[in-house]
Undergrad: 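So that we are looking at the same thing, I have put the structure below in structure tokens.
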Amino acid sequence: MPTCVPTHTADPNRPERAHPPHSPPHGPPPDRPRRLRIAGADLSAAVAVFLIALPLSLGIALATGAPLQAGLVAAAVGGIVAGRIGGCPLQVSGPAAGLTVVTADLIQQYGWRTTCAITVLAGLAQIGLGCLRVARGALAVSPAIVHGMLAGIGVTIAVAQVHIVLGGTPQSSVPDNLRALPAQLANVDPAAVAVSVLTLTLLLLWPKLPGRAGRLLRMVPAALVAVAGATATAAAAGLVLAEVDLPSWRSHALAGLPEGPVLGLVAAVLTTTLVCSVQSLLGAVAVDKLVARRPGSGHVPRSDLDRELLGQGTANIASGCLGGLPVAGVAVRSSANVRAGAVSRNSTMLHGALVVVAALLMVPVLEFIPLASLAALVMAVGIQMVSLHHIRTVTRHREALVYAVTAVGVVFAGVLEGVALGIAVAVGVALHRLTHTRITHEVKEEVHHVDVRGQLTFLAVPRLSRALHLVPQGATGVVALDGSFMDHAAYEALQDWQNTHTARGGAVEITGRRPGAGVRLAEPAALISSPTTEGTDETGVPSGAGCRCRPWTAWRNHQCELPLSAPDDDRSDHDNRVTGGPSTTSSTSGSSGTGVTHEAGDAAGRQGGHYGRPSRPGTGDGPSGTDTDTGPGTGSASPTGSVSGAGGPKASRTGTDLVRGLSTFQRSTAPLVRGELARLAREGQRPTQLFLTCADSRLVTSMITSSGPGDLFVVRNVGNLVPPPGEESGDDSVAAALEYAVEVLAVRSITVCGHSGCGAMQALLDPRPDGPPSARTPLERWLRHGLPSLKRVRDGNGPGVRLAGRAPADIAEQLCLTNVVQQLEHLRAHASVARALKDGLLTLHGLYFHVGEAQAYLLIETAAERVFDRVRAEDLAL
């Protein structure tokens, strides 16, 4: 077996997921021959892609100056070979517009047969890269360079095809084409211009046909309609135009031995390999994103990029040997394949087979196509490669210079030269950002402010020292750090100055990106952050060397904890301060006096949930579901994050925390997100997910889902309940949110998220004695929507609900799990949700978050049971 072929060996230590009992077996029975089964979706997708690929392949071959059959050969080989071997099942490969300039230059310099040999050598290089498993490394190229390269290629294609559209012949380079353009404009062929204008008009207007009839007509690709319409019109009008000329396949030129200077051939092979590989790998990543957004795409595997390189290399070897153009993944055909509903690599292979049939049987029909129509089609593709969206993106990320230099370099110097220039500029910009630091000093109300913008490296130490020494002895200084990196030289300079300044009676406050965490200048760090002064801060927590706050303490329900190496008496005092009494004993560890035994958030959940009723023993959020705080010293969580003893006074929270949080946001976070929020304000919200969860303060949706502004449409209520439609005296707020999310925002998924230690579920288990309806509180009236979940648990009706690997810890956890499943059933009963599910526009997900474990479990529904399983790598395709 070749060493570059990936092999898969069974890992005996890796647990295998249970095979769903209702799904078909993984393979055919051993006593039956295996039959090829092609899904209807793959067949229809193959036809759609074929209708797009046929005119584009001829147009790209025309633009490169290669024999027109070479485009058909590349399309067929890309579909069949790359489709069968490649690592991205739904990516369609073939002759790509991004390779047009490279191939045209090779044909101009070395001739067609040597160009085919270069394609073969590039394929061998791609296989070598695939064997070295460096595919992920190719994605390290800056997107600004890739987009700039494609934009430069697009401009080159468009300028060259303008001459054919006007009835002339293109020159060998962009400058030559621009110089020859005035003479070409003075000698325009009206027939060629008319056919080109008709092609462009159909190409632009066909996707915008209105109404139901337009929706049906738009199923036919615009490229096919444009070329077919222009061809039919030219034939009906009797226009005399240059047309496609497909010589007999008997005279088709195949690859020959490469001829030319060795260095030139090596550069040509490297250029072809680079462009083919980068375009194919980026295309595979884009296809994964398109598939992930499509409803019901969980069975389509994610791309194996190293295998994709092997497939592309094999296809280029085959295409070069057969006299075809270089092959790469093509964005237009791949996106059409995904949109058409393809479910496997069979669609790509079928499209290649259809191209073979067309190349053999449809030659008389293809020869009626005017060259001006194909040129207009390719010119439109070239113009589309200069994407305004990409320009806005690179501008927002301050990489417009890299994009512009790459594009201009490709246009006027060549693809390899342009990419090299782009890489050089990108490295220069990165070094500039790393070394460019802005340090200012100003005095406000007798306080000296030193603002540091950028990364603090040894190069900025002299300027930092000068600014720090402008703070007079005994004055108050505030050093604001706005950067993500500080090297050791800058750290020592800042530490030495702080120690000297405070020893002489001055005060120092250092702020940064994490203002909620204390600053410790007693050990090296990559980033010094958060305010600190000598003594204690305004919360009464010791600052300076005694603080051991971690980066996530900005949102954690406590202020600071002493280092573990502190003396026992100090640690005991700290425990008493945090817990409001003597150190408690943990039932899980069996040790005492070792520090705080629980987080304040967990204490609040265990002591009556968050709705004020005492919880039972054994319903906490510990890993085993047991209550970890059973001693009498455990109190209730105070609003400030400390826990007061039973009967002890509770600290009262003022507006200080709110004001401090708002100030922190405006100072540190707002400058970072202002641009993105401004864009969302202009464009409006476009979330793809509705996330319905509990109002529990421990459930931070953005943290659990790694999302940001504009990603989630969140609905929170007590117990993550979804009242069934038509419920008497029901609350319409949830139904209104559902209708707005599905009908107006067009979300593609709805997630119901429950959690451990839910006080609403505990209240269902411990109801108050029944009284008159007028005496029921609003909370009790609301919780009646959870009674079906309680009935389901007690009656044992329907499939069971459990966590993967273990049974629910107690009846409370069982109710939390069952409630998620029950609320999903309530969701399906709403009319807007039901319509979207029926049309395949929406998917529903169940999620259970165990607070104590910080573990999310995703619901997997089978015919026999409902299982909440941990998220695995294969679930990422969801």
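A quick note: this is a predicted structure, and the numbers were derived from the prediction, not measured.
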Undergrad: What verdict does the side chain to side chain contact (heavy atoms under 4.5 Å, CB included) test give for I52 and L224, after you've listed the backbone C-alpha separation in whole Å, the side-chain angles of each residue and the deciding distance to 0.1 Å?
TA: CA-CA 6 Å; I52 296 174; L224 178 67; over 6 Å; no

Undergrad: State, with a plain yes or no, whether a side-chain heavy atom of M379 is found less than 4.5 Å away from one of I383.
TA: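 Side-chain contact under 4.5 Å: yes.
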
Undergrad: Where the side chain of R345 meets the backbone of A82, is there a donor-acceptor pair that is under 3.5 Å apart?
TA: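 Between the backbone of A82 and the side chain of R345 there is no qualifying donor-acceptor contact (under 3.5 Å).
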
Undergrad: On a heavy-atom basis, which atom in I107 and which in A66 lie closest, and how many Å separate them?
TA: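 So the minimum-distance heavy-atom pair works out to CD1-CB, 3.7 Å.
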
Undergrad: Roughly how far, to the nearest 0.5 Å, is CD of Q161 from CG of L166?
TA: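 Answer rounded to 0.5 Å: 11.0 Å.
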
Undergrad: Are T688 and V747 close enough, and set up right, to give a side chain to side chain contact (heavy atoms under 4.5 Å, CB included), and what steps lead you there?
TA: CA-CA 4 Å; T688 59; V747 297; 5.9 Å; no

Undergrad: Check whether any side-chain heavy atom of V155 lies under 4.5 Å from a side-chain heavy atom of M385, and answer yes or no.
TA: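 No, side chains not in contact.
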
Undergrad: Taking D839 for the side chain and L841 for the main chain, is one N or O donor matched with an acceptor at less than 3.5 Å?
TA: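 Pair absent, no side-chain N/O of D839 close to backbone of L841.
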
Undergrad: Under 3.5 Å, is there a donor-acceptor pair between the T64 and T100 side chains?
TA: no

Undergrad: Grab the two heavy atoms, one from A151 and one from A407, that are nearest each other, plus how far apart they are.
TA: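 Minimum heavy-atom contact is CB-CB, 4.4 Å.
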
Undergrad: Check for a donor-acceptor pair, side chain of N316 on one end and backbone N or O of T119 on the other, with a separation under 3.5 Å.
TA: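 No, N316 side chain to T119 backbone: no donor-acceptor pair under 3.5 Å.
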
Undergrad: Do V419 and L274 make a side-chain contact, defined as non-hydrogen atoms from C-beta onward lying under 4.5 Å apart?
TA: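 Counting from C-beta outward, V419 and L274 do come under 4.5 Å.
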
Undergrad: Report yes or no: does S319 contribute a side-chain atom to a donor-acceptor pair with the main-chain N or O of L325 at less than 3.5 Å?
TA: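 Yes; at least one donor-acceptor contact below 3.5 Å.
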
Undergrad: Backbone N or O of K208 within a donor-acceptor pair of the R218 side chain at under 3.5 Å?
TA: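 Checking the backbone N and O of K208 against the side chain of R218, no donor-acceptor pair under 3.5 Å is found.
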
Undergrad: Apply side chain to side chain contact (heavy atoms under 4.5 Å, CB included) to the pair T199 and L374, showing each step before the final yes or no.
TA: CA-CA 8 Å; T199 302; L374 291 179; over 6 Å; no

Undergrad: Side chains of L68 and L62: does their closest heavy-atom pair fall under 4.5 Å?
TA: yes

Undergrad: Pair D42, V343 - check side chain to side chain contact (heavy atoms under 4.5 Å, CB included), show working.
TA: CA-CA 6 Å; D42 283 335; V343 294; 3.5 Å; yes

Undergrad: State, yes or no, whether a side-chain contact exists between I369 and V227 at a heavy-atom distance under 4.5 Å.
TA: yes

Undergrad: Check whether any side-chain heavy atom of V225 lies under 4.5 Å from a side-chain heavy atom of P221, and answer yes or no.
TA: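 No, every pair of side-chain atoms sits at 4.5 Å or beyond.
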
Undergrad: Which distance, rounded to the nearest 0.5 Å, do you find between the OG1 of T115 and the CG of L106?
TA: 5.0 Å

Undergrad: Quick one, Q312 and V327 - any side-chain contact, counting heavy atoms below 4.5 Å?
TA: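 Yes, side chains in contact.
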
Undergrad: Judged by atom type as modelled, is there a donor-acceptor pair below 3.5 Å linking the side chain of N177 to the main-chain atoms of V159?
TA: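 The answer is no, because no donor-acceptor pair under 3.5 Å joins these two groups.
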
Undergrad: Rounded to the nearest 0.5 Å, how far does CE of M362 lie from CG of L354?
TA: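 These two atoms lie 10.5 Å from each other.
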
Undergrad: Taking the side chain from N337 and the backbone from L90, do they hold a donor-acceptor pair closer than 3.5 Å?
TA: yes

Undergrad: Give a yes or no answer on whether the side chain of R686 reaches the backbone of G684 with a donor-acceptor pair at less than 3.5 Å.
TA: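 Answer holds: no.
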
Undergrad: E308 and C88: which non-hydrogen atoms are nearest, and at how many Å?
TA: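 Distance-wise, the nearest heavy atoms are OE1-N, 2.9 Å.
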
Undergrad: Hey, are Q91 and T348 close enough side-chain-wise for a donor-acceptor pair under 3.5 Å?
TA: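 T348 vs Q91: no donor-acceptor pair found between side chains.
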
Undergrad: Do S277 and Q126 have a side chain donor and acceptor closer than 3.5 Å?
TA: yes

Undergrad: Please, which pairs that meet ring pair (Phe, Tyr, Trp, His ring centres under 6.0 Å) have at least one residue in residues 143-166, sequence neighbours excluded?
TA: H147-H390

Undergrad: Do L217 and W206 come within less than 4.5 Å of each other through their side chains, counting heavy atoms only?
TA: yes

Undergrad: Using modelled atom types and a 3.5 Å cut-off, is there a donor and acceptor pairing between side-chain atoms of T156 and backbone atoms of G152?
TA: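 Between the backbone of G152 and the side chain of T156 there is a qualifying donor-acceptor contact (under 3.5 Å).
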
Undergrad: Restricting to non-hydrogen atoms, name the atom on L241 and the atom on A234 that form the minimum distance, rounded to 0.1 Å.
TA: CD1-CB, 4.3 Å

Undergrad: More than 12 heavy atoms of other residues, nucleotides or ligands under 6.0 Å from CD of Q108: is that the case?
TA: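 12 or below, so no.
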
Undergrad: Quick one: CD1 on I85 to CE on M349, what's the gap to the nearest 0.5 Å?
TA: 9.5 Å

Undergrad: To the nearest 0.5 Å, how far apart are SG in C276 and CG in L281?
TA: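 These two atoms lie 11.0 Å from each other.
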
Undergrad: Check G229 against L202 and note the closest heavy-atom contact, atom names and distance.
TA: CA-CD1, 4.0 Å

Undergrad: Atom CG of L51 and atom CG of L56: how far apart are they, to the nearest 0.5 Å?
TA: 11.5 Å

Undergrad: Any donor and acceptor pair, going by atom type alone, linking the side chain of S347 with main-chain N or O of S344 inside 3.5 Å?
TA: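 Yes, because the side chain of S347 sits within donor-acceptor range (under 3.5 Å) of the backbone of S344.
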
Undergrad: Which heavy atom in L366 sits nearest to a heavy atom in A358, and how many Å separate them?
TA: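 Smallest heavy-atom distance, with atoms named: CD1-O, 4.4 Å.
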
